[in-house]
2 protein chains.
Amino acid sequence: MKVSINDVARRAEVSIKTVSRVINNEPSVRAATRQKVVSAIEELGYQPNQAARNLARSRSYTIGFVYSNPNAYYVVSMQEGIIDVCQNSGYEVMIHPLPLQEQQAVADYLENLVTRTRLAGLVLTPPFSEMPELLSNLDNRNIEYVAIQSSAPSLGGERTVRVNDRAAAKNITSHLIDQGHQQIGFLRGDPTHYATQEREAGYREALLDAHLTVDESLIYSGQYSFESGSEGVNQLLSNSKKPTAIFASNDEMAAGALFRARLTGLEIPEQLAIAGFENSPYATQTWPQLTTATLPVADIAQLATQQLLARLSKRDNELDSEVTPELIIRGSTLPA
Amino acid sequence: MKVSINDVARRAEVSIKTVSRVINNEPSVRAATRQKVVSAIEELGYQPNQAARNLARSRSYTIGFVYSNPNAYYVVSMQEGIIDVCQNSGYEVMIHPLPLQEQQAVADYLENLVTRTRLAGLVLTPPFSEMPELLSNLDNRNIEYVAIQSSAPSLGGERTVRVNDRAAAKNITSHLIDQGHQQIGFLRGDPTHYATQEREAGYREALLDAHLTVDESLIYSGQYSFESGSEGVNQLLSNSKKPTAIFASNDEMAAGALFRARLTGLEIPEQLAIAGFENSPYATQTWPQLTTATLPVADIAQLATQQLLARLSKRDNELDSEVTPELIIRGSTLPA
DNA sequence: ATGAAAGCGCTAACAA
DNA sequence: TTGTTAGCGCTTTCAT
């Protein structure tokens, strides 16, 4: 039933060490010998036992994905990206959705997790990836990780993949301005994410660059949800000074806003232009479809995982990457 | 830095075997001894090394979640349910999204996976959970699993959690009939899932029970997507005989259908009633909100995982469960 | 109730 | 280039 390295060694008439060399692709094995071993492995259907390997090396080939995010699309896309890279490198991935907690509690939990399961490293997403104390805690405890952050000024520094939300938000807002809009509303998402501040900062910068004043009454504070977007547009439209365009912090909010606006009889984009952020499935399920910026979630996950694995195998390729979401113009801001 | 069972034994002045007994909650340890050990463990912050434990027991405490599903909400909900149960039992979960392949290829892949990582068992969802050959393959190879299926007649038999899609679909259709509808359209989803057939079967049964004839021209074959629902309603409405109500195979399709119907100026539900299936976030992001049936995904995942873990620990509690989604009536079928 | 010793299957020095 | 010999940290007989 279960075949071990000894069986292979016996069959190939070599020592177990040689077998070990072969399965680890070590160079110093003569081609002929290697061939004998490979054949034996195939004939026996041998699979190395990970547990034994992990124990011997006192390290594992499993990484943990740690997150706390209600956005199913985001979570699944991240997982896909991570697994993609892992599969090609022989790593497995364990998922760890966590409730939001104090940084200290999270750090303790993660240390516990890592020592217990001998996790090789962690991929962290917001909000955990943006908790400075948590990160330095992990640093101190020698836990390998990579943190995906909105490129807010110097949160953790090293070991990050940063998303330039600000630049992208600025591009979106500028696009609206280019369309002739002067009263541009902003729907702000959940403030626990840095991305929220960054997107707002981009919005403000674009207005200032165009010598437009920022009207605080055109800024609505909500959540990253459909309902919140719907509520937000409702509120902004009841202003004395109504917006002619709205930039929502993500597509789901934008979809909610668009939905509500159409219910009240507004023509989109003629009477109200609406833009989102993320290029999630929502963006193409409205009519007209949403102008937005592509947050390449799976790509980001891949970059992060590559960086982590590189560090784990000491190939310190310094993939200290930054990604800027690209503007996608669709019907919700541009008349057909 | 790293503290092992030896350190604990030394500190507690007992043998490592006694420490082992304590961490495994074996009964035959005197209370006083146990206390000494527990203290030592706490003082040292000892964490058993899973890899060593797995190796010694030649089995692991990790289960795999295997799926192939584009519905992010479904996937994340399943994961939540599985993790919920696992956390309380000291199990970890590894995720394995797979491309759709031949049953044989999947079986080979899974056997490889299980022997390599010594996975304790698998949670399978459609379509894998509904491939008879695959399941008997796993049976033969002594791989533990639990299969979540739509309760189609005798697919795998044992080791399943079944969802009674048919009964639920029948309830939804009957509800539409109760509202006086006689021309009820059906939007069929992707045929690779048994759930699709079952939901259609429920639709047909309800019509027959009410002595209504099934009009095949009112049945549209599509995918479980927003776009497909939109396309489907479009097609059905171009019929000479138009439906006054539509039952879509899932909420996403229903949302697409509702969306398109409203675009063409129809009043919902007065001119067209629409019902979905799943009670996903889509169901409450339309206006009016969708009548649907609750597919309690996370609950199903919990049941499945409990069953699997019970079997793994020989507590053969025969939790051979069945779940019937419950009808939820909302504005899309019932005038305010 | 407790302990000694022999593995679990592999990798890591070190030799040869 | 290949093999020998210790472990990695825990569980399991089998004694005591």
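In what follows, every chain begins at residue 1, and chains take the letters A, B, ... in the order their sequences are listed.
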Requested in this report: Take the protein atom CZ of Arg57(A) and the nucleotide atom C1' of dG9(D), then report the distance between them rounded to whole Å.
Outcome: 17 Å

Report summary line: Whole-Å distance, Ile41(B) CD1 to dC10(D) C1', equals 13 Å

Report task. In whole angstrom, give the distance that lies between atom CZ of Arg116(A) and atom P of dC10(D). Result -> 14 Å

**Report entry** Glu26(B), CD atom: more than 12 neighbouring heavy atoms under 6.0 Å
**Finding:** yes

Requested in this report: Could you work out which one of dT2(D), dC10(D), dT11(D) sits closest to the side chain of Tyr46(B)?
Outcome: dC10(D)

Report summary line: Winner on side-chain proximity to Ile23(B), out of dC10(C), dT11(D), dA1(C), is dT11(D)

Report summary line: Atom CD of Gln47(A) and atom P of dC10(C) are separated, to the nearest Å, by 11 Å

Query raised in the report: Taking Ser129(B) for the side chain and Ile148(B) for the main chain, is one N or O donor matched with an acceptor at less than 3.5 Å?
Result: yes

Query - Length of the line joining Arg34(A):CZ and dT2(D):C1', which is rounded to integer Å - result: 13 Å

Report task. Nearest-nucleotide wise, let me know which of Gln50(A) and Thr33(B) is further upstream toward the 5' end of DNA chain C. Result -> Thr33(B)

Query raised in the report: Which of the following nucleotides, dC10(D), dT11(C), dT2(D), is nearest to the side chain of Arg30(A)?
Result: dT2(D)

Report summary line: Checking dC10(C), dT11(D), dT2(D) against the side chain of Ile16(B) (C-beta onward), the nearest is dT11(D)

Requested in this report: Go through dT4(D), dC10(D), dT2(C) for me and flag the one nearest to the Lys17(A) side chain.
Outcome: dT4(D)

Query - Nearest-angstrom distance from the residue atom CG of Asn6(B) to P of dA5(C) - result: 14 Å

Report summary line: Atom NZ of Lys36(B) and atom C1' of dG3(C) are separated, to the nearest Å, by 13 Å

Report task. Look at the side chain of Leu55(A) and decide which nucleotide, out of dC10(D), dG9(C), dC10(C), has an atom nearest to it. Result -> dG9(C)

Report summary line: Residues passing the salt bridge (charged side-chain N to carboxylate O under 4.0 Å, His left out) test with Arg30(A), sequence neighbours excluded, are none

Query raised in the report: Between Glu13(B) and Ala52(B), who's closer to the 5' end of DNA chain C by nearest nucleotide?
Result: Glu13(B)

Requested in this report: Grab the CG-P distance between Leu44(B) and dG9(D) for me, whole Å please.
Outcome: 14 Å

**Report entry** Nearest listed nucleotide, side chain of Ser15(B), among dC10(D), dG3(C), dT4(D)
**Finding:** dG3(C)

Query raised in the report: Have Gln104(B) and Asp108(B) got a donor and an acceptor in their side chains that come within less than 3.5 Å?
Result: yes

Query raised in the report: Just by modelled atom types, is the Thr160(B) backbone N or O under 3.5 Å from a matching donor or acceptor in the Gln307(B) side chain?
Result: yes

Report task. Using only heavy-atom distances, decide whether a donor-acceptor pair under 3.5 angstrom links the side-chain of Arg21(A) to the base of dT2(D). Result -> yes

Query raised in the report: Which is true for Thr18(A) with a 4.0 Å heavy-atom rule: it touches a base, it touches only sugar-phosphate, or it touches nothing?
Result: sugar-phosphate

Query raised in the report: Side-chain N or O of Ser58(A) less than 4.0 angstrom from OP1 or OP2 on dC8(D)?
Result: no

Query raised in the report: Just checking Asn24(A): base, sugar-phosphate only, or nothing, at a heavy-atom cut-off of under 4.0 Å?
Result: sugar-phosphate

Query raised in the report: Does the Arg11(A) side chain pair with the main chain of Lys36(A), one donor and one acceptor, at a distance under 3.5 Å?
Result: no

